[in-house]
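Here is the structure we will look at, set down as structure tokens.
Chain A is the first sequence line, chain B the second, and so forth, proteins listed ahead of strands; every chain is numbered from 1. Bear in mind the structure is a predicted one, so any value in this text is a computation, not a measurement.
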2 protein chains.
Amino acid sequence: MAVKDSRTEQQIKDAAKKLFFTEGRFKATTQEIADAAGVNRTLVNYYFRSRDQLFDQVLKDARLQMDSRLEATADEKNFRKKIEHFIDVFMEQARNYPYLDIYMVSRLNDDVEKQNEILTDIKKTDKLKLFLAEIEEQMKLGTINKMPPVQFFINMLSLISYPQVMQPLLKKVFRYTDKQYQQMLAERKAIILKILFR
Amino acid sequence: MAVKDSRTEQQIKDAAKKLFFTEGRFKATTQEIADAAGVNRTLVNYYFRSRDQLFDQVLKDARLQMDSRLEATADEKNFRKKIEHFIDVFMEQARNYPYLDIYMVSRLNDDVEKQNEILTDIKKTDKLKLFLAEIEEQMKLGTINKMPPVQFFINMLSLISYPQVMQPLLKKVFRYTDKQYQQMLAERKAIILKILFR
DNA sequence: TTTGCGTTTAACAAATTTGTCAAACATAAT
DNA sequence: ATTATGTTTGACAAATTTGTTAAACGCAAA
């Protein structure tokens, strides 16, 4: 009998993820996704039944990605090294999937009423709680400036992600070539560290 | 004769801007916009000819808004006060139109090829150049940490805007009520100032 | 009142996007 | 070679969204 193989299903999902998360083409149609995957459009229905179900699969992946990112705590005792590791992970993520976060926000805004069930039960993970506690501890130790730990966390996220999300616009504002912008982004790890550690 | 009055045209544009910039409903249809404006859908075509032309008008407004924001330099001699004024302006803007920036990015990503002419000639304004020069000067004076002035500017933008853009998601992650989140945002001016000024 | 002109509306047409289905296809097992 | 099972395709139907048109409407000037 025929083997239930076919990487088509994955190809379609990957194409959708690339369009949404990497290229920020939020209004991509199933036709565009199929084209990007190099397959016939009806295969989207064959494998996912409907456009919405494909989108929900993709959203679910985004959510898992975010969860795992929030859990991405290093087995590093040294706090500064741990933060460095966080920045590396987040920056790499933001480089590959600059629009992942705002895709999720966008989906949240789309429904408003429906409150997409995939995004309902997002919550502080245990690791995140532990991390926030550790941040607070380090503030007491004086390694970093005192503030609500959540603010420290949000600062870190902001400084990493926003320049990636805004890349198309900021490139125009500053008249930067792609190379110049990447160079600027590369400089940021050190700058962010300096900011976070007083 | 009949007066060429009718605030309908403006109502439609305002409704679109609210949906796009304030609510982040990027996939809003003309029907939804008309509903939000409380008018018949065909009036969109009557006043703007086509959906795309309305969207371009809205985009043009966004662009003007951004331009004026980049120009929003205070007649303030004291550098710190000037930065405070900037933060106030940007925070207020981000509060009213949290999705304005990413709407523009989204539009830039939509076309890719076409390179929407409305967003082609965005560039460093003179005021922005002057501001960057002033930032550099202040670094020499030691008021703020040394780094490429553009990085200082981007840090400021990131710390202000990202928490607003990500509000729907971060509210879930941290299990914050709306009130708690607004409280957290309100705390940020002082925190951002502390970060920017060493 | 009537005329003129801009505005609003509903019905309709066109365009775009999504979903269905039956037939063709591929390939491994019989 | 034939069969069985999963995959792919094109043609078609349905749904959604956008655009057009002619008629109705409102109101001020003649």
- Task: Indicate whether the side chain of T42(A) and that of N40(A) have a donor and an acceptor atom separated by less than 3.5 Å.
- Result: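 There is such a pair (donor and acceptor under 3.5 Å, judged by atom type) between the side chains of T42(A) and N40(A).
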- Item | Exercise: do R51(B) and N45(B) side chains pair donor with acceptor under 3.5 Å |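 Absent: no donor and acceptor within the cut-off.
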- Would you please test Y99(A) and F21(A) for ring-ring contact (aromatic ring centres under 6.0 Å, His included) and show each step? CA-CA 5 Å; Y99(A) 302 106; F21(A) 304 158; 9.7 Å; no
Of the nucleotides [options], which has the atom closest to the [X] side chain?
X      : options                  : value
L43(B) : dT20(D), dT8(C), dT20(C) : dT8(C)
Y47(B) : dG19(C), dT8(C), dT8(D)  : dT8(C)
N40(B) : dG6(C), dT9(C), dG19(C)  : dT9(C)
Y46(A) : dG6(D), dT8(C), dA11(D)  : dG6(D)
T42(B) : dG10(D), dT9(C), dT8(D)  : dT9(C)

Whole angstroms only, please: what is the [atom1]-[atom2] distance between [X] and [N]?
X      : N       : atom1 : atom2 : answer
N45(B) : dG19(D) : CG    : C1'   : 5 Å
R25(A) : dT17(C) : CZ    : C1'   : 15 Å
E32(B) : dT18(D) : CD    : C1'   : 14 Å
F26(B) : dT17(D) : CZ    : P     : 18 Å
Q53(B) : dT18(D) : CD    : C1'   : 13 Å
D35(B) : dT17(D) : CG    : P     : 12 Å
R7(B)  : dG26(D) : CZ    : P     : 16 Å
K27(B) : dT18(D) : NZ    : C1'   : 17 Å

- Assign T30(B) to base, sugar-phosphate, or nothing according to its heavy-atom contacts below 4.0 angstrom with the strands shown.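 Since only primed, P, OP1 and OP2 atoms lie under 4.0 Å of T30(B), the category is sugar-phosphate.
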- Would you indicate what T29(B) reaches in the nucleic acid, counting non-hydrogen atoms under 4.0 angstrom: base, sugar-phosphate, or nothing?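 Here T29(B) touches the backbone only, sparing every base.
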- Checking side-chain contact (heavy atoms from CB on, under 4.5 Å) against Y181(A), which of Q183(A), K179(A), M184(A) comes through?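 Of all the options given, the one that passes is M184(A).
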- Message: Closer than 4.0 angstrom, basic N to acidic O: yes or no for E84(B) and K81(B)?
- Response: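 No.
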- Message: Can you say whether a donor on the side chain of R41(A) sits under 3.5 Å from an acceptor on the base of dG19(C), or the other way round?
- Response: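 Yes, the side chain and the base share a sub-3.5 Å donor-acceptor pair.
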